[in-house]
Amino acid sequence: MQSQSSPLGEFDVIQRFFKTQSEAMLAANPGSVTLGIGDDCALLKTGPHEEIAITSDMLVCGRHFFEDANPEWLGWKALAVNLSDLAAMGAKPLGFTLALALPKADPSWLKAFSKGLFAIANQYSCPLIGGDTTAGPLNICITAFGGIPKEKAIQRSGALKDDDIWVSGTIGDARLTLAALRHEITLSKSDLALIEPRMHQPTPRVELGIALREIASSALDISDGLLGDLRHILKQSNKDADIFLDRIPKSATLLKQSADIQTQYAACGGDDYELCFTAPTSQREAIAKIGANLNLPLTQIGSVKSMQNSAPEIRLINHAGATLNQLEANALLQSFDHFA
Ligand code: ADP
Ligand code: MG
């Protein structure tokens with residue numbers, strides 16, 4: 001049990017003050033709710049054949065972006081991170097609301113913000129349908145709604161023993177960009193230009209999520225770091241995992257970094273918004289076809305194992321086929337907690 005004085009993490013806050021009470025209410029009367037707190041989206045039953053997936057994500061100035069951030073990129077990213085949660089469930093975007101706190105109504109800032117916002121809204125046919133605007137410290141909160149055929153949503157709890165574990169695209173570029181912008185790492189201008197959009201204008205894998213509805217046993221989007229996010233799947237599915245560190249796909253730019261940086265950024269860097277999913281080995285051919293159709297690399301990085309102890313474990317396997325010991329693994333396994 002958490003002592004009174006120890007700091008609460010993001011997930012402790014949700015569990016202690018919101019999730020327990022929400023679950024008690026839903027246990028007494030689920031109403032139209034088919035899935036509550038704990039996945040990338042909640043699900044509401046809206047008819048005999050369809051459910052609505054709902055997700056909210058907030059971007060806070062000073063926490064998620066720098067004060068002088070390009071407003072066009074911000075508009076894009078605010079919606080992209082929500083569409084990414086819809087993608088993780090296999091939902092098709094239907095619309096979104098925008099709650100905005102602004103320090104001042106600067107027309108040139110708003111024009112650029114709106115341009116980025118509607119560029120991605122148009123690309124994914126996801127219209128703005130309402131919201132709220134107030135004065136205050138810059139804060140952008142979007143709630144997005146997606147449609148999905150009944151019982152086809154891909155949940156975090158469905159991973160099965162011996163399933164393959166897959167990721168889309170490459171992992172670690174957003175973390176590498178952040179390191180370069182913080183001057184922790186030096187990148188050439190051309191290298192930075194190549195990867196910077198990965199952090200500022202991520203691509204939600206909406207088409208992939210929809211294609212995986214009938215194929216994946218579980219999925220989530222990687223917003224807080226691959227291994228930390230994978231742990232959510234394992235926890236909810238009561239499983240362990242073996243991960244081959246060398247198989248985690250990395251961009252040519254990340255591959256120019258030291259071996260340690262490559263592994264750390266790929267395994268734990270947040271903000272890439274690729275999908276991590278599990279699927280039975282019998283689906284390998286179908287997954288290869290989806291990757292080819294979408295022109296998106298899909299890489300098998302490990303497999304789901306039955307749980308050995310009382311909590312899920314991730315065994316990290318290095319290039320030589322050796323399993324990292326606890327100390328080596330711990331050094332890697334720090335995910336991103338918003339209050340840590
Ligand atoms: P994601 O990274 O996929 O957006 P989060 O890690 O932010 O998901 O949240 C984990 C789960 O907790 C989600 O199901 C989310 O809806 C829920 N959640 C987060 N904050 C709150 C809150 N303040 N009240 C209720 N549910 C919350
Ligand atoms: Mg998510």
Side-chain angles (χ1 to χ4, degrees), residues 8-27 30-31 33-44 51-60 63-65 77-91 93 96-97 99 124 126 139-146 148 153-159 166-169 171 174-175 199 202-206 208-210 212 216 218-237 268-278 334-340:
L8 290 169
E10 176 187 353
F11 296 106
D12 301 320
V13 170
I14 298 169
Q15 180 70 45
R16 210 163 122 185
F17 299 102
F18 305 115
K19 193 166 185 246
T20 308
Q21 295 85 331
S22 163
E23 282 174 350
M25 276 185 77
L26 291 175
V33 180
T34 49
L35 185 67
I37 295 173
D39 216 305
D40 293 288
C41 298
L43 296 171
L44 290 185
E51 289 176 316
I52 298 273
I54 303 172
T55 179
S56 282
D57 263 297
M58 188 154 52
L59 295 187
V60 176
R63 181 74 212 182
H64 300 104
F65 57 89
K77 186 162 180 177
L79 183 53
V81 298
N82 281 277
L83 295 182
S84 178
D85 278 324
L86 294 183
M89 306 290 291
F96 70 100
T97 59
Y124 291 91
C126 186
N139 190 331
I140 307 157
C141 182
I142 284 182
T143 298
F145 305 86
I148 189 155
I154 312 164
Q155 301 188 16
R156 293 178 177 182
S157 54
W166 296 80
V167 290
S168 61
I171 315 287
R175 179 66 186 88
M199 177 174 167
T203 305
R205 301 300 186 189
V206 170
L208 175 62
I210 291 171
L212 289 174
S218 73
L220 48 58
D221 65 323
I222 304 170
S223 53
D224 296 341
L226 169 61
L227 297 183
D229 282 332
L230 172 64
R231 200 173 271 282
H232 295 309
I233 288 186
L234 300 176
K235 245 188 186 166
Q236 296 194 26
S237 303
C268 298
D271 250 12
D272 285 304
Y273 298 97
E274 294 295 346
L275 295 188
C276 172
F277 60 95
T278 60
Q334 346 111 338
S335 178
F336 189 79
D337 180 320
H338 291 270
F339 293 108

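Order of appearance sets the numbers: ligands from 1, and atoms from 1 within every ligand. Quick note: numbers below take in every heavy atom, side chains included, and nothing from hydrogens, waters or symmetry partners. Remember, it's a predicted structure, so these values are computed and weren't measured experimentally.
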Using a 4.0 Å cut-off to any heavy atom of [X], which atoms of ligand 1 qualify?
X    : value
D57  : 4 (O)
S223 : 2 (O)
D85  : 1 (P), 3 (O), 4 (O)
D39  : 13 (C), 14 (O)
F11  : 6 (O)

Protein heavy atom at shortest distance from [atom]:
atom                    : value
atom 7 (O) of ligand 1  : E10 OE2, 4.0 Å
atom 17 (C) of ligand 1 : I37 CG2, 3.7 Å
atom 9 (O) of ligand 1  : I14 CD1, 4.4 Å
atom 22 (C) of ligand 1 : F18 CD1, 4.1 Å

Checking one value in my table: which N/O/S atom of [X] lies closest to the Mg ion (ligand 2)?
X    : result
D85  : OD1
D40  : OD1
D221 : OD1

To the closest 0.5 Å, what do you measure between [atom1] ([X]) and [atom2] ([Y])?
X    : Y    : atom1 : atom2 : result
F96  : T143 : CZ    : OG1   : 10.5 Å
R156 : L220 : CZ    : CG    : 5.0 Å
S218 : I154 : OG    : CD1   : 8.5 Å
E274 : T203 : CD    : OG1   : 7.5 Å
Y124 : L83  : OH    : CG    : 7.5 Å
I140 : L79  : CD1   : CG    : 11.5 Å

Set out, in order, the CA-CA distance, both residues' side-chain angles and the distance that settles salt bridge (charged side-chain N to carboxylate O under 4.0 Å, His left out) for D224 and R231, then state yes or no. CA-CA 11 Å; D224 296 341; R231 200 173 271 282; over 6 Å; no
side-chain contact (heavy atoms from CB on, under 4.5 Å), that's the test. Do S223 and V81 meet it? Break it down for me. CA-CA 8 Å; S223 53; V81 298; over 6 Å; no
Checking T20 side chain against Q15 main chain: does a donor-acceptor pair fall under 3.5 Å? yes
Between ligand 1 and [X], is the shortest N or O to N or O distance under 3.5 Å?
X    : value
R156 : yes
G38  : yes
S56  : no
T55  : no

Is the shortest distance from atom 26 (N) of ligand 1 to a protein heavy atom below 4.0 Å? yes
Measure V13 to ligand 1 on non-hydrogen atoms and call it side chain, backbone, both or neither using the 4.0 Å cut-off. neither
List the steps and the verdict of side-chain contact (heavy atoms from CB on, under 4.5 Å) for I222 and R205. CA-CA 11 Å; I222 304 170; R205 301 300 186 189; over 6 Å; no
I'd like to know if F17 contacts ligand 1, where contact means a heavy-atom distance under 4.0 Å to any ligand atom. no
